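In what follows, every chain begins at residue 1, and chains take the letters A, B, ... in the order their sequences are listed. Remember, predicted model here, so these are calculated numbers, not experimental data.
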Amino acid sequence: EAGVAQSPRYKIIEKRQSVAFWCNPISGHATLYWYQQILGQGPKLLIQFQNNGVVDDSQLPKDRFSAERLKGVDSTLKIQPAKLEDSAVYLCASSIRRSSDTEAFFGQGTRLTVV
Amino acid sequence: AQTVTQSQPEMSVQEAETVTLSCTYDTSESDYYLFWYKQPPSRQMILVIRQEAYKQQNATENRFSVNFQKAAKSFSLKISDSQLGDAAMYFCAYSSRGAQKLVFGQGTRLTINP
């Protein structure tokens with residue numbers, strides 16, 4: 001089966017600009033996650049969707065980050081305006097359901113550099 | 001809040017030998033899952049092994065096994081017969097049973113020497 005697809009792979013922007021990342025989860029996966037991985041650290045969950053509804057966005061900086069999952073399939077994560085500290089890899093993952101007894105499959109991420 | 005700590009930023013091992021990566025965690029919950037993920041340079045996180053907290057038997061997956069000490073809140077990963085393809089960043093992670101919200105440690109970079 002096809003894995004989790006993300007684009008772009010790399011993005012360089014200037015601070016205060018906006019940027020958007022796209023994720024296409026594995027077909028049939030109801031749960032979708034966005035993680036932020038700063039260099040030298042483990043990933044941190046930003047937001048979790050169940051179908052097209054948000055179930056956890058407690059660590060999403062809502063003043064500049066937004067995410068949506070239209071029709072419960074693809075998702076986009078947007079940053080507006082970007083700050084230098086937003087430089088990181090943004091990982092998308094999906095799982096069949098929102099339960100720890102199911103495996104979360106990750107995409108290859110988007111590496112964002114803010115200059 | 002749950003925390004995961006990996007105290008070894010880097011480890012190295014000779015090819016074909018055995019290496020153990022350490023992980024400790026902190027939680028007040030009694031029912032949870034622990035994971036080891038591998039992240040090669042491609043950046044894609046790959047699940048290596050998973051342990052359910054209520055199972056006393058340590059999980060094994062081919063050359064990978066864990067030593068789960070619930071009382072000590074310790075969860076180490078043993079890689080036997082190390083291969084060059086095992087070289088990667090390894091992350092220990094925690095998740096409550098009900099909601100798959102992974103909390104990751106800082107990672108251990110594993111180098112395999114030929």
Part of [X] within contact of chain B (heavy atom distance under 4.5 Å):
{"X": "A/Gln108", "result": "both"}
{"X": "A/Thr110", "result": "backbone"}
{"X": "A/Gln37", "result": "side chain"}

- Option that, when pairs with chain B are counted at under 4.5 Å, heavy atom only, ranks first among A/Gly109, A/Pro43, A/Ala104: A/Pro43
Less than 4.5 Å to any heavy atom of chain A: does that hold for the side chain of [X], its backbone, both, or neither?
{"X": "B/Phe35", "result": "side chain"}
{"X": "B/Gln39", "result": "side chain"}
{"X": "B/Arg109", "result": "neither"}

- Note on the structure: Most heavy-atom pairs under 4.5 Å with chain A, out of B/Ser42, B/Ala93, B/Pro9, belong to B/Ser42
- Message: Can you tell me how the ring of B/Trp36 sits relative to the ring of B/Phe75, calling it parallel under 30°, perpendicular over 60° and tilted otherwise?
- Response: parallel
- Which of parallel (below 30°), tilted (30 to 60°) and perpendicular (above 60°) describes B/Phe68 and B/Tyr25? parallel
- Those residues that, when tested against A/Lys62, pass salt bridge (charged side-chain N to carboxylate O under 4.0 Å, His left out) (two or more places apart): A/Asp57
- Item | Set of residues satisfying salt bridge (charged side-chain N to carboxylate O under 4.0 Å, His left out) with respect to A/Arg9, sequence neighbours excluded | none
- Is there a side-chain contact between A/Trp34 and A/Gln36 (heavy atoms, below 4.5 Å)? no
- Query: Does the distance from a Lys or Arg side-chain N to an Asp or Glu carboxylate O, for B/Glu61 and B/Arg50, drop under 4.0 Å?
  - Reply: no
